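Worth knowing before you read on, the calculation uses all heavy atoms, side chains too, and leaves out hydrogens, waters and symmetry mates. In this text the structure is predicted, and so the values were computed from the model without any measurement.
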Amino acid sequence: MKDSFLFSSLIINWSTKNDRLLPWKQTNDPYKIWLSEIILQQTRIDQGTPYYLKFITEFPTVNDLAKADEDEVLKLWQGLGYYSRARNLHFTAKYIANELNGVFPTNHKDILKLKGIGDYTAAAIASFAYGLPHAVVDGNVYRVLSRVFGIETPIDSTQGKKEFSQLASELLDYKRPAANNQAIMDFGALQCTPKSPDCENCPLKDFCIAFNTKKIDQLPVKQKKLIKKNRYFHYLVINIDESVFLNKRNTKDIWQGLYDFPLIEHSSLLSTEELKDHPEWKAYFEGTNIEITSISKPFKQTLSHQYIHAVFYEIMIKKTSNNSILTHNKVRRAAIDQFAFPKIITWFLSDKTLYLGFK
DNA sequence: AACGCGGGGTT
DNA sequence: AACCCAGCGTT
């Protein structure tokens with residue numbers, strides 16, 4: 001079965017009967033294909049599709065995207081996660097517009113140099129936009145190849161990456177790389193699924209080593225296991241007149257580029273009395289006449305690598321002689337919809353809208 | 001080579 | 001709760 005022609009023929013034949021109609025399949029525009037691939041990195045089709053449609057409506061060309069503010073791009077990206085994708089997308093749009101005269105690179109080597117584009121995305125754009133013979137290796141491909149060929153090398157090892165991308169290249173039908181790449185990903189997503197794949201109705205049943213040795217549920221092999229850490233956020237929702245103070249996250253941490261509120265982080269959840277005794281609280285409110293008007297329920301958000309626990313203290317400033325909080329962005333409450341927030345902030349805000357008419 | 005980076009669906 | 005999704009950049 002180490003017959004590349006047979007493998008790609010079977011996969012492509014399968015795909016002609018199991019086509020997924022997706023918006024970015026209808027175009028050869030490298031900008032749209034690039035945009036779709038960035039959105040779909042580590043993201044399910046169903047989750048990414050509405051964002052793709054929003055983006056091509058708002059920014060029909062790379063020049064439109066380049067002209068936008070980063071805040072505007074992040075706002076449109078809000079809720080999709082992995083926000084460095086949006087920042088790199090915008091950076092690269094400006095680069096293409098300003099340095100490349102708005103023309104997307106047309107060869108694999110130059111595509112791969114762009115920020116936010118790695119091996120997978122470069123191969124995807126090269127094949128889908130220009131018909132160039134570069135094999136994609138994404139999560140679907142790792143799964144399909146490891147099973148069909150019984151490869152137990154961990155897919156998240158350097159050796160594994162090398163081995164699988166070499167095999168994918170050998171298997172690629174060089175006469176129809178786009179169809180071949182599309183087919184193997186669709187096959188992984190619909191037929192050779194992570195859990196309970198439909199092996200009985202699989203065209204590769206007779207060849208698949210994992211199926212014939214009953215190792216389907218053991219492949220692919222991954223070596224990493226990551227531990228989640230707990231973090232405790234005490235958010236200060238500081239209101240003064242019709243405004244509230246926002247914080248733009250610029251440090252090297254989660255949610256870079258998004259907005260939240262002034263934050264006191266501690267290694268455990270603090271009681272109100274403990275929080276009032278915290279040096280950062282004192283720095284904020286020393287010499288200031290304030291009132292805590294409400295304390296939210298605890299919110300919990302699960303990230304890929306940490307748990308965020310957040311409590312929101314709503315504080316009204318009556319009179320201040322302290323200007324340290326003024327280093328944050330003072331924003332009219334009616335205008336906060338324009339800022340991009342992480343999920344845990346939007347949960348808090350929608351709760352407030354629901355119960356207190358806060359807007 | 002190892003780690004950090006979101007959010008959500010499925011099992 | 002664990003796993004995984006059209007991965008990439010940094011250290």
Check the angle between the aromatic planes of H134(A) and H108(A) and answer parallel, tilted or perpendicular using the 30° and 60° thresholds. parallel
Answer yes or no: is there a side-chain heavy-atom contact under 4.5 Å between [X] and [Y]?
| X | Y | answer |
| --- | --- | --- |
| I254(A) | R249(A) | yes |
| I184(A) | F7(A) | yes |
| T43(A) | L80(A) | yes |
| F312(A) | F299(A) | yes |

Main chain of I39(A), side chain of R85(A): is a donor-acceptor contact present, judged purely on distance under 3.5 Å?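 Between the backbone of I39(A) and the side chain of R85(A) there is a qualifying donor-acceptor contact (under 3.5 Å).
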[atom1]-based separation of [M] from [N] [nearest Å]:
| N | M | atom1 | answer |
| --- | --- | --- | --- |
| dC5(C) | dG6(B) | C1' | 12 Å |
| dG8(B) | dG9(C) | P | 24 Å |
| dC5(B) | dC4(C) | C1' | 15 Å |
| dC8(C) | dG9(B) | C1' | 23 Å |

Over all atoms of both residues, closest heavy-atom pair of L132(A) and T106(A):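 Heavy atoms of L132(A) and T106(A) come nearest at CD1-O, 3.7 Å.
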So which heavy atom on P177(A) is nearest to which on Y174(A), and how close? CD-O, 3.6 Å
Heavy atoms under 4.0 Å, any strand shown: does [X] hit a base, just sugar-phosphate, or nothing?
| X | answer |
| --- | --- |
| R20(A) | base |
| I308(A) | nothing |
| W77(A) | nothing |
| I117(A) | sugar-phosphate |
| D253(A) | sugar-phosphate |

When the distance from [atom1] of [X] to [atom2] of [N] is rounded to whole Å, what number comes out?
| X | N | atom1 | atom2 | result |
| --- | --- | --- | --- | --- |
| Q78(A) | dG6(B) | CD | P | 13 Å |
| K228(A) | dC5(B) | NZ | P | 13 Å |
| Q306(A) | dG7(B) | CD | C1' | 13 Å |
| I344(A) | dG6(B) | CD1 | P | 13 Å |
| Q223(A) | dA2(B) | CD | P | 6 Å |
| L303(A) | dG7(B) | CG | C1' | 8 Å |
| L89(A) | dG6(B) | CG | C1' | 17 Å |
| I45(A) | dG7(B) | CD1 | P | 20 Å |

For the side chain of T43(A) and the base of dG7(B), is some donor closer than 3.5 Å to an acceptor across the two?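 Donor-acceptor pair under 3.5 Å: no.
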Quick check for you: name the first and last nucleotides of DNA chain C, 5' to 3', having an atom under 4.0 Å from a heavy atom of chain A. dC4(C) to dT11(C)
5'-most contact on DNA chain C (nearest-nucleotide basis), Y307(A) vs L40(A), goes to Y307(A)
With nearest nucleotide decided by heavy atoms, which residue, P194(A) or S84(A), maps closer to the 5′ end of DNA chain C?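 Comparing both residues, the 5'-ward one is P194(A).
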What I want to check is whether the side chains of Y235(A) and D260(A) have a donor and an acceptor closer together than 3.5 Å. yes
Exercise: do N180(A) and D173(A) side chains pair donor with acceptor under 3.5 Å: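 No, no side-chain donor-acceptor contact under 3.5 Å.
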Between [N] and [X], is there an OP1 or OP2 to side-chain N/O distance shorter than 4.0 Å?
| X | N | value |
| --- | --- | --- |
| H305(A) | dG4(B) | no |
| W255(A) | dG4(B) | no |
| Y82(A) | dG4(B) | no |

Tabulated below should be each protein N or O lying under 3.5 Å from an N or O of nucleotides 8-11 of chain B; please produce it.
{"unit_1": "dG8(B)", "atom_1": "OP1", "unit_2": "K343(A)", "atom_2": "NZ", "d": "3.0"}
{"unit_1": "dG8(B)", "atom_1": "N2", "unit_2": "R44(A)", "atom_2": "NE", "d": "3.1"}
{"unit_1": "dG8(B)", "atom_1": "N2", "unit_2": "R44(A)", "atom_2": "NH2", "d": "2.9"}

Which of these passes side-chain contact (heavy atoms from CB on, under 4.5 Å) with L40(A): Y52(A), W24(A), Y51(A)? W24(A)
Nearest heavy atom decides the nucleotide; on that basis, is P342(A) or S157(A) closer to the 5' end of DNA chain B? S157(A)
